[in-house]
There are 2 protein chains.
Amino acid sequence: MPDSKADPADTDLRLAQDLLFFAYRDFTNAADVALDELGLGRAHHRALHFIGRNPGITVTDLLGILRITKQSLARVLSELVDRGYVAQSPGRADRRQRLLTLTEPGAALERRLFDRQRERLGPAYSEAGASAVDGFRRVLRAIMDDSARTYIDAHHRRGS
Amino acid sequence: MPDSKADPADTDLRLAQDLLFFAYRDFTNAADVALDELGLGRAHHRALHFIGRNPGITVTDLLGILRITKQSLARVLSELVDRGYVAQSPGRADRRQRLLTLTEPGAALERRLFDRQRERLGPAYSEAGASAVDGFRRVLRAIMDDSARTYIDAHHRRGS
DNA sequence: GATATTAAGTCAGTAATATTGACTCATCGG
DNA sequence: CCGATGAGTCAATATTACTGACTTAATATC
């Protein structure tokens with residue numbers, strides 16, 4: 001058996017397809033009950049998450065992360081603003097920009113949703129162990145696009 | 001710093017949220033161009049994948065894996081059958097069942113879609129290394145539901 | 001300073017994926 | 001025979017997303 005690493009076997013990659021499908025399905029699903037109670041969807045959660053992780057992010061930058069159109073984000077964002085979860089403020093340098101931040105209720109909601117996902121992810125991390133978690137990160141990081149990798153590296157330098 | 005493992009830090013879990021979002025987004029996206037050319041969507045890909053991995057699967061079992069309703073699957077499945085990608089045959093023991101299999105063109109299409117994802121996943125595996133891949137699997141396996149874990153373990157026993 | 005570009009928002013129409021609810025039909029199991 | 005099950009169908013609706021066309025305000029460029 002020569003090629004153990006140069007050319008990952010089909011079965012290995014088939015397993016990865018299954019793993020990603022189920023893990024992503026159940027991880028995202030973890031917050032759904034809390035979202036439903038508020039009449040919100042996963043799109044709202046994604047917006048809350050990335051605004052929370054990037055206080056003061058511009059609409060254009062958020063669109064680039066989510067990879068959706070302006071019209072699609074508008075629906076989600078206007079609901080979040082109407083409900084008082086997200087605040088907009090004009091950019092200081094460029095007043096055309098609307099810098100997005102979570103309000104206090106918005107941060108609390110995002111935290112609640114995060115906690116539901118934490119219930120699933122925390123035990124998984126503990127069970128798998130630090131070494132496995134490191135491998136988990138390395139593989140996921142290698143799967144994504146360059147631009148996403150750049151984002152990850154900028155936001156999660158070792159230490160924080 | 002006492003709790004290094006018992007209670008994974010927020011920042012660790014925040015990173016995981018980002019990693020899962022971007023990796024899943026780009027991994028699933030890899031097959032989109034090929035799907036678009038045929039006027040098919042991701043839902044068709046998922047059905048093709050799980051029928052391909054489970055030849056002779058019943059409709060009920062497929063619904064359980066995909067976690068969608070019968071009506072939602074019907075749209076996707078009838079299109080795949082109409083186009084000759086999926087064949088249905090009555091169960092031998094229970095003739096109410098419609099056992100689903102990929103036709104030869106269906107298997108070829110599924111393979112093409114798989115190849116697009118392989119282009120993304122294969123290099124990621126090679127770069128990250130065998131140890132990282134093992135950790136990747138362990139963490140994803142721990143994230144998913146019991147039923148999904150059972151599925152994974154049944155389909156991917158070590159050896160194949 | 002006029003002009004082009006950019007950031008953001010909006011209106012309209014449509015598509016893909018999914019849902020709930022209410023049925024039908026054939027077959028299986030007791 | 002009869003209730004339960006596997007599968008399919010019709011209808012209406014929700015969520016998330018899209019393309020295309022425009023407007024407004026502010027910045028950048030010539």
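In what follows, chains are A, B, ... by sequence order, proteins preceding strands, each numbered from 1. A quick note: this is a predicted structure, and the numbers were derived from the prediction, not measured.
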Check the phosphate of [N] against [X], side-chain N and O only, distance under 4.0 Å to OP1 or OP2. Yes or no?
X	N	value
Thr69(A)	dC18(D)	yes
Thr60(A)	dA8(C)	yes
Arg75(B)	dT17(C)	yes

Against the six-membered ring of Phe114(A), is Arg14(B) placed for a cation-pi contact (under 6.0 Å from the centre, within 45° of the normal)?
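Geometry flag: set, cation within 6.0 Å and 45°.
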Check every strand shown and say whether Gln88(B) touches a base, only sugar-phosphate, or nothing at a heavy-atom separation below 4.0 Å.
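It contacts sugar-phosphate atoms only.
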So what does Ser78(B) hit on the nucleic acid, given a heavy-atom distance under 4.0 Å: a base, only sugar-phosphate, or nothing?
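If one applies the 4.0 Å heavy-atom cut-off, Ser78(B) turns out to touch nothing in the nucleic acid.
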For [X] and [N], what is the distance between atoms [atom1] and [atom2] respectively, to the nearest whole Å?
X	N	atom1	atom2	answer
Arg67(A)	dT16(D)	CZ	C1'	17 Å
Asp32(A)	dT16(D)	CG	C1'	14 Å
His44(B)	dA16(C)	NE2	P	9 Å
Leu77(A)	dG9(C)	CG	C1'	11 Å
Ile57(B)	dG6(D)	CD1	C1'	14 Å
His45(B)	dA16(C)	NE2	P	18 Å
Glu79(A)	dA17(D)	CD	P	12 Å
Arg25(A)	dA18(C)	CZ	C1'	15 Å

Nearest to the [X] side chain among [options], which nucleotide is it?
X	options	answer
Arg46(B)	dT17(C), dT9(D), dA8(C)	dT17(C)
Thr58(A)	dA7(D), dA18(C), dA8(C)	dA8(C)
Ile68(B)	dA7(C), dT19(C), dT17(C)	dT19(C)

Let me have a per-nucleotide readout for nucleotides 22-30 of chain D, 5' to 3', with B, S or -, counting only protein heavy atoms under 4.0 Å.
---BBS---
Is it true that [X] and [Y] make a salt bridge, defined as a side-chain N closer than 4.0 Å to a carboxylate O?
X	Y	value
Asp146(B)	Arg149(B)	yes
Arg118(A)	Asp10(B)	yes
Arg53(B)	Asp18(A)	no
Asp115(B)	Arg111(B)	yes

Any donor-acceptor pair, under 3.5 Å, between the side chain of Gln71(A) and the base of dG13(C), if you only look at N and O atoms?
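No, the side chain and the base share no sub-3.5 Å donor-acceptor pair.
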Looking at Val139(A) and Ala128(B), what are the two nearest heavy atoms and their distance?
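Taking Val139(A) first and Ala128(B) second, the nearest heavy atoms are CG2-CB, 3.7 Å.
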Validation row: Gln17(B), Phe27(A) side chains within 4.5 angstrom (heavy atoms)
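They are in side-chain contact.
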